[in-house]
Amino acid sequence: MPRRILIIVGHPDPGPERFCRALAASYADGARSAGHEVRLIDIATLDFPFLRTTEEFKMRPVPVMLEEAAQAIRDAEHIVFVFPLWLGTMPALLKAFFEQVMRPGVAFAYPEQGKGGFARTLLEGRSARVVVTMGMPAFFYRLWYLSHGIAGIRRNILNFVGISPVRETLFGMVEGASDATRKKWLGKMQKLGARAA
């Protein structure tokens, strides 16, 4: 059954040569060829402010330039995040994007005043895939670092707002990868896209 897929490219460098963009494009090609509806957001092309206070996060609306992105997240059934691993986790620009669009009223709701309890998720029924490129071997990131940066994204952001399941695809030693290896990875992404997985 066709799904509404949103692909978010989280590489802060807008250069078209960045491998994250090729991975995202392959996923999109596979998804479209299987009849899925695909939208793509490249955060490097967006100019938006960083949050600086709790009041901004809690009380202000999503900035105008990100309203379309926030709506795309609401509309999606499956969301794919593609980004490089920087200092063990996502780049700062992607974190700033999450902080702007995963706000109260968009992604979750605080309990009603005086009622206590937990925040209510607003994005249930959606799944996600986190696709990460890195300079180290992927198995080393999993075993030694316990994928801590990705675990934080899955648990503290995506699961917190109701997005589940969240699957991951890691591509290690990217800079030194041969053309044949990169072609194999692009083929893998195309297959994942076709399955909307």
Side-chain angles (χ1 to χ4, degrees), residues 1-12 19-32 34-44 46 62 66 68-86 88-109 119-134 138 141-142 145-172 185-186 188-197:
M1 176 172 257
R3 300 184 78 193
R4 294 186 304 277
I5 299 173
L6 173 63
I7 302 171
I8 297 175
V9 180
H11 202 305
F19 192 53
C20 285
R21 289 192 175 77
L23 293 169
S26 287
Y27 189 101
D29 288 346
R32 287 187 183 111
H36 302 293
E37 180 185 323
V38 178
R39 290 181 73 176
L40 191 137
I41 295 172
D42 190 334
I43 66 164
L46 303 174
V62 173
L66 290 178
E68 190 176 324
Q71 188 59 50
I73 289 169
R74 286 190 203 99
D75 292 342
E77 295 174 292
H78 182 64
I79 307 171
V80 181
F81 301 91
V82 186
F83 60 90
L85 189 74
W86 285 11
T89 189
M90 69 187 115
L93 189 63
L94 180 56
K95 178 68 162 55
F97 175 83
F98 273 125
E99 289 172 356
Q100 288 285 18
V101 299
M102 297 297 188
R103 288 172 172 262
V106 176
F108 70 97
R120 185 167 45 91
T121 62
L122 299 180
L123 296 178
E124 290 179 2
R126 292 156 185 82
S127 57
R129 178 166 297 275
V130 177
V131 180
V132 184
T133 62
M134 61 188 69
Y141 182 67
R142 282 191 177 102
Y145 292 103
L146 303 177
S147 299
H148 74 282
I150 296 168
I153 293 166
R154 181 182 61 248
R155 181 183 59 244
N156 302 341
I157 300 174
L158 301 177
N159 290 166
F160 176 73
V161 300
I163 299 173
S164 181
V166 178
R167 296 180 176 89
E168 65 184 52
T169 302
L170 309 182
F171 296 111
W185 289 342
L186 294 172
K188 178 177 182 175
M189 288 295 286
Q190 197 164 26
K191 288 176 184 173
L192 287 170
R195 299 199 325 260

Exercise for review: Grab the two heavy atoms, one from Ala31 and one from Ile5, that are nearest each other, plus how far apart they are.
Suggested key: CB-CD1, 3.8 Å

Practice item. Return the orientation label for the Phe19 and Trp185 ring planes: parallel under 30°, perpendicular over 60°, tilted otherwise. Key: tilted

Check your understanding: What's the shortest heavy-atom distance between Ala128 and Ile163, and which atoms?
Key -> CB-CG2, 3.7 Å

Exercise for review: Evaluate the side-chain proximity of Val82 to Tyr27: yes if any heavy-atom separation is below 4.5 Å, no if none is.
Suggested key: no

Check your understanding: Distance from Ile79 atom CD1 to Ile8 atom CD1, nearest 0.5 Å?
Key -> 6.0 Å

Point to revise | Pairs involving residues 88-108, ordered by first then second residue, that meet salt bridge (Lys or Arg N to Asp or Glu O under 4.0 Å) (sequence neighbours left out) | key: Lys95-Glu99

Exercise for review: Measure from the side-chain N and O atoms of Arg126 to the backbone N and O of Leu158, and report whether any donor-acceptor pair falls under 3.5 Å.
Suggested key: no

Revision key, fill the gap. dist Thr133:OG1 -> Trp86:CH2 (nearest 0.5 Å) comes out at 9.5 Å

Review point. Counting N and O atoms only, with roles assigned by atom type, does the side chain of His36 sit under 3.5 Å from a partner on the main chain of Arg3, one being a donor and the other an acceptor?
Key: yes

Check your understanding: Ignoring hydrogens and geometry, is there a side-chain-to-backbone donor-acceptor pair from Arg4 to Asp75 under 3.5 Å?
Key -> yes

**Study point:** Pair Ile41-Glu68, side-chain contact (heavy atoms from CB on, under 4.5 Å): steps then yes or no
**Key:** CA-CA 10 Å; Ile41 295 172; Glu68 190 176 324; over 6 Å; no

Revision key, fill the gap. Ala44 and Leu93 have their tightest heavy-atom pair at CA-CD2, 4.3 Å

Check your understanding: Are the charged groups of Asp42 and Arg21 less than 4.0 angstrom apart, N to O?
Key -> yes

Review point. Under 4.5 Å between any side-chain heavy atoms of Phe171 and Lys188, yes or no?
Key: yes

Practice item. Look up atom NE2 in His148 and atom CZ in Arg155, then write down how far apart they are to the nearest 0.5 Å. Key: 11.0 Å

Review point. So, for Leu170 and Ala138, which heavy atoms are closest and what is the spacing to 0.1 Å?
Key: CB-CB, 3.8 Å

Practice item. Apply the test side-chain contact (heavy atoms from CB on, under 4.5 Å) to residues Leu23 and Leu186: give CA-CA distance (whole Å), side-chain angles for both, the deciding distance (0.1 Å), then the verdict. Key: CA-CA 6 Å; Leu23 293 169; Leu186 294 172; 3.9 Å; yes

Exercise for review: Supply the atom-to-atom distance Asp29 CG to Met189 CE, rounded to the nearest 0.5 angstrom.
Suggested key: 11.0 Å

Review point. Can we call the ring centroids of Phe97 and Phe83 under 6.0 Å apart?
Key: no

**Study point:** Arg142, CZ atom: more than 12 neighbouring heavy atoms under 6.0 Å
**Key:** yes

**Study point:** Note, Glu168 side chain near Arg154 side chain (heavy atom, < 4.5 Å)
**Key:** yes

Point to revise | Closest approach of His11 to Pro84 (non-hydrogen atoms, all atoms of both residues) | key: CD2-CG, 3.5 Å

Practice item. Please step through side-chain contact (heavy atoms from CB on, under 4.5 Å) for the pair Val132 and Tyr141, ending with a clear verdict. Key: CA-CA 11 Å; Val132 184; Tyr141 182 67; 6.0 Å; no

Revision key, fill the gap. All heavy atoms of Arg129 vs all of Ala197, minimum pair found to be NE-O, 3.0 Å

Review point. How many angstroms lie between atom CG of Leu66 and atom CD1 of Ile73, to the nearest 0.5 angstrom?
Key: 9.0 Å

Practice item. Walk me through it: do Met90 and Phe81 pass the test side-chain contact (heavy atoms from CB on, under 4.5 Å)? Key: CA-CA 10 Å; Met90 69 187 115; Phe81 301 91; over 6 Å; no

**Study point:** Nearest-0.5 Å distance that lies between atom CZ in Arg195 and atom NE2 in His78
**Key:** 10.0 Å

